[in-house]
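Okay, structure first, notes after.
FYI, side chains are in, hydrogens and waters are out, and symmetry mates aren't considered; it's all heavy atoms of this structure.
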Amino acid sequence: MSEPILGIDLGTTNSAVGIVDSGFPILLANEDGRRITPSAVWIGKSGEVEVGSKALRRRAVEPERVVTSIKRLMGRRASEVGGNFPLTVSTGDDGLPLVLGRSPEEISAEILKEMKRIAEWRMEMPIRKAVITVPAYFHDAQRAATKRAGELAGLEVVRILNEPTAAALAYGLDKLSDHSRVAVYDLGGGTFDLTILEMQDGVFQVLATHGDTRLGGDDLDALLVRRIEERHSLGETSGAARIRLMEEAERAKRTLSEADETKILLPFFDGDRSIEERLSRAELETIAAPWIGRTLRHCRQALADADLKPADLDAVVLVGGSTRIPAVRREVAALFEREPDVSQHPDEAIALGAAIQSGVMSGALRKMVLLDVTPLSLGIETFGGLMNVLIPRNTTIPCKAGEMFTNAADGQTSMRVRVLQGEREMARDNWELGNFEVAFEPGPKGRARVGVQFKIDADGILEVLARDTATNNDTIVKLGNAAVNVDDEDVGRMVGESVEHAFDDMSERIFTEARLKAEELLPAVDAALSQGLALDDERSEIESAVADVKTALASGSAHPLKVAVQRLDHATEALAARLVEKAMDDALERKLSGD
């Protein structure tokens, strides 16, 4: 019998665990008989820990010792933490966030330990391997942090799986025809993804994905809290008072998914003041409209990336607890021009898909293959500040790609490899994931040869290898542990900005490439002319072309410079050939005289 593998949805609000048993994927219920467990951790003053509903019950007495939404801090630096996190966040010596003295990985590990405990209790056997899901737009550091949390929980994480892909696996198990395209709209407590998958003959391939790891139900709660604070002139609340407000905002939001009106009741929420007011669904939808609009922008971009129209899709599947909101369903239906499929349990579909993937990997299920993609292009900075893409966005992973680079100056002894992520033409407009030095023997310009290879594993974690081909010395950097100082709202805008600035970016790239060519060509032409090998009419043409190049350089215009450089290159072809012949003759003469 093959070793069992768990499928775990480590969610912002709730978590769940599943497994394939007797050929069927199932979710495992906790002692309360529930298949989902709140992603809440109570940390006592002496270090004691309780997880799930037990932790939430502690809120009534110790609200500031109950950690929720810890997923939003995974793989981030303390400086990146926004104002919507309910508890105080301190900064560790390494610049990473701490909550009640513990790192996000350590707190998430407590949730994963609970998932492991439930599974072992239900299955009556020890289990040490797991597939864990993450939002499709989790960057490298967030994926690596999730993997570390699993290891801290005593699990071997055999796969990090994108949440929308997991949901599509659950949806596709018994609903898909031989060839289907499905969009998965996944709006959870802390994150949002829109992923388009094509499914054919048991193969699941991601065509495009777009999203924001700082966009979820927590943010709508925060908008509602802000509205309550403003209406009652409370100022910006904090501590236990804010936790009470967030709890009541979440309760009201959930109620209004079923009812047209609810009452907000907060007696002595800060020890002195009380709030009582009615809130209608229409008012909540007005507050939520910009929040929903942000998700729709990502949907449009994913469709554009996949080169599809709404009519090309066979289904739009909704998952994530926030998709229960009627306004979300209505706006998604309008955008995709069809009623969304709500057949999947919003809180359970991802864990079910993770269980299916775990079954595939353990051999318990044998019919499906999963092909995922990388959501943003990866490359390095080259001479002149250009972005050189090695792995384009939406490339199927796992994958690897490489290219050879050389030294840009005489006597250069090393090359700094800046690893970039993004869609812009110039390096400065993309995000740096990391950088390192590759040393080599000094020599003339263009002599050194350094091969750079990017490798992305099935978990979406990037490894960079740089090899000096003269010595075969390798420098290997795994960027899975590097927290990236990138605001996810900017991540969401990156592709849109690449389209918006496409003309200017390409123009700057063309000018930069032509400038580098001109700066290389002009001194070489001057040196060649000084040898007196140019014919009179040829010399006149070359000098005219040189003047055009200098004028175009001064103007800063891309197309004129490119044309001028091409003209100079053409004008010097015959002269360059004679120079080569002369060099060969001189070398032969030296050899004969030496003999």
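Thr133 and Ala354 get closest at one heavy-atom pair: CG2-CB, 3.7 Å. Shortest non-hydrogen contact noted between Arg143 and Val134 is NH1-CG2, 3.7 Å. Closest non-hydrogen pair, Glu105 versus Ala149, comes out as O-CB, 3.6 Å. Across every non-hydrogen atom of Thr91 and Ala78, the tightest pair is OG1-CB, 3.3 Å. Looking at every heavy atom in both residues, Ala439 comes nearest to Asp468 through O-OD2, 3.8 Å. Closest of all the heavy-atom pairs between Val49 and Arg102 is CG2-NH1, 3.7 Å.
Within the 3.5 Å criterion, the main-chain N or O of Asp186 finds no donor-acceptor partner in the side chain of Glu163. A distance-only check finds no donor-acceptor pair linking the side chain of Glu62 to the backbone of Arg59 [under 3.5 Å]. Ser15 places a side-chain N or O within donor-acceptor distance of the main-chain N or O of Gly11, the cut-off being under 3.5 Å. In this structure, the side chain of Lys455 does not engage the main chain of Cys399 through any donor-acceptor pair within 3.5 Å. In terms of modelled atom types and a separation under 3.5 Å, the side chain of Ser69 and the main chain of Arg72 share no donor-acceptor contact. Between the side chain of Asn430 and the main chain of Met426, a donor-acceptor pair closer than 3.5 Å is present. Without hydrogens or angle criteria, Arg509 side chain to Met387 main chain gives a donor-acceptor distance under 3.5 Å.
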Next item on the list: Assess whether side-chain contact (heavy atoms from CB on, under 4.5 Å) is satisfied between Leu98 and Val89, documenting all intermediate values.
Entry: CA-CA 6 Å; Leu98 295 174; Val89 179; over 6 Å; no
Check: Would Glu283 and Arg227 count as a salt bridge (charged side-chain N to carboxylate O under 4.0 Å, His left out) if you check the C-alpha gap in whole Å, the side-chain angles of each, and the deciding distance to 0.1 Å?
Finding: CA-CA 10 Å; Glu283 288 176 282; Arg227 178 258 191 201; 3.0 Å; yes
Margin query: Please evaluate residues Thr323 and Val319 with respect to the criterion side-chain contact (heavy atoms from CB on, under 4.5 Å), reporting the C-alpha separation (whole Å), side-chain torsions for both, the decisive distance (0.1 Å), and the verdict.
Written below: CA-CA 6 Å; Thr323 61; Val319 293; 5.7 Å; no
Checklist line | Steps toward side-chain contact (heavy atoms from CB on, under 4.5 Å) verdict (Ser39, Thr13) | finding: CA-CA 5 Å; Ser39 299; Thr13 307; 6.0 Å; no
Note to self: Would Glu381 and Arg428 count as a salt bridge (charged side-chain N to carboxylate O under 4.0 Å, His left out) here? Give the steps.
What the structure shows: CA-CA 9 Å; Glu381 179 180 9; Arg428 65 169 185 269; over 6 Å; no
Item checked: Pair Arg226-Glu229, salt bridge (charged side-chain N to carboxylate O under 4.0 Å, His left out): steps then yes or no -> CA-CA 5 Å; Arg226 187 75 221 128; Glu229 289 171 338; 2.3 Å; yes
Next item on the list: Apply side-chain contact (heavy atoms from CB on, under 4.5 Å) to Met415 and Phe440, showing your working.
Entry: CA-CA 8 Å; Met415 177 187 300; Phe440 44 76; 3.6 Å; yes
Item checked: Check against salt bridge (charged side-chain N to carboxylate O under 4.0 Å, His left out), Arg242 and Glu64 -> CA-CA 10 Å; Arg242 184 169 184 82; Glu64 293 183 282; over 6 Å; no
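In this structure, Thr165 and Val206 have side chains that are in contact, with non-hydrogen atoms separated by less than 4.5 Å. In this structure the side chain of Ile8 reaches within 4.5 angstrom of the side chain of Leu112, judged on heavy atoms. The shortest distance between side-chain heavy atoms of Leu155 and Arg128 does not fall below 4.5 Å. In this structure, the side chains of Asn14 and Thr37 stay at 4.5 Å or more apart for every pair of heavy atoms. Contact check for Asn388 versus Phe405: side-chain heavy atoms found under the 4.5 Å cut-off. Looking at heavy atoms from C-beta onward, Val452 lies out of side-chain contact with Glu403 at the 4.5 angstrom threshold. Considering only heavy atoms from C-beta on, Ile350 stays 4.5 Å or farther from Leu161 through its side chain. Proximity of Gln453 to Val464: side-chain heavy atoms (C-beta onward) are nowhere separated by under 4.5 Å.
Atom-to-atom distance recorded for Ile70:CD1 and Ile111:CD1 is 8.0 Å, nearest 0.5 angstrom. Here NE2 of His298 is found 6.0 Å from CG of Leu215. Values are rounded to the nearest 0.5 Å. Atom CG of residue Asp193 and atom NE2 of residue His210 lie 10.5 Å apart, to the nearest 0.5 angstrom. The OG1 atom of Thr213 lies 6.0 Å from the NE2 atom of His139; values are rounded to the nearest 0.5 Å. Between the CD atom in Glu432 and the CZ atom in Arg418 there is a gap of 4.5 Å [rounded to 0.5 Å]. With rounding to the nearest 0.5 angstrom, the CG atom of Leu279 is 10.0 Å from the CD atom of Glu248.
Partners of Arg467 by side-chain hydrogen bond (donor to acceptor under 3.5 Å, both in side chains), not counting sequence neighbours, listed by chain and number: Asp474. Scanning for side chain to side chain contact (heavy atoms under 4.5 Å, CB included) contacts around Leu223 gives Leu220, Ile287, Trp291, with sequence neighbours left out.
Each of Leu335, Val328, Val332, Leu187 was evaluated against Ile292; a single residue qualifies, Val328, per the side chain to side chain contact (heavy atoms under 4.5 Å, CB included) test.
Aromatic ring centres of Tyr185 and Phe192 lie closer together than 6.0 Å.
The pair Asp305-Arg393 counts as a salt bridge, with a side-chain nitrogen and a carboxylate oxygen less than 4.0 angstrom apart. Using a cutoff of 4.0 Å between basic side-chain nitrogens and carboxylate oxygens, Arg324 and Asp347 are scored as salt-bridged. Salt bridge status for Glu250 with Arg254: present, with a side-chain N to carboxylate O gap under 4.0 Å.
Annotation: cation-pi geometry not satisfied between Arg65 and Trp42 (NZ/CZ under 6.0 angstrom from ring centroid, within 45° of ring axis).
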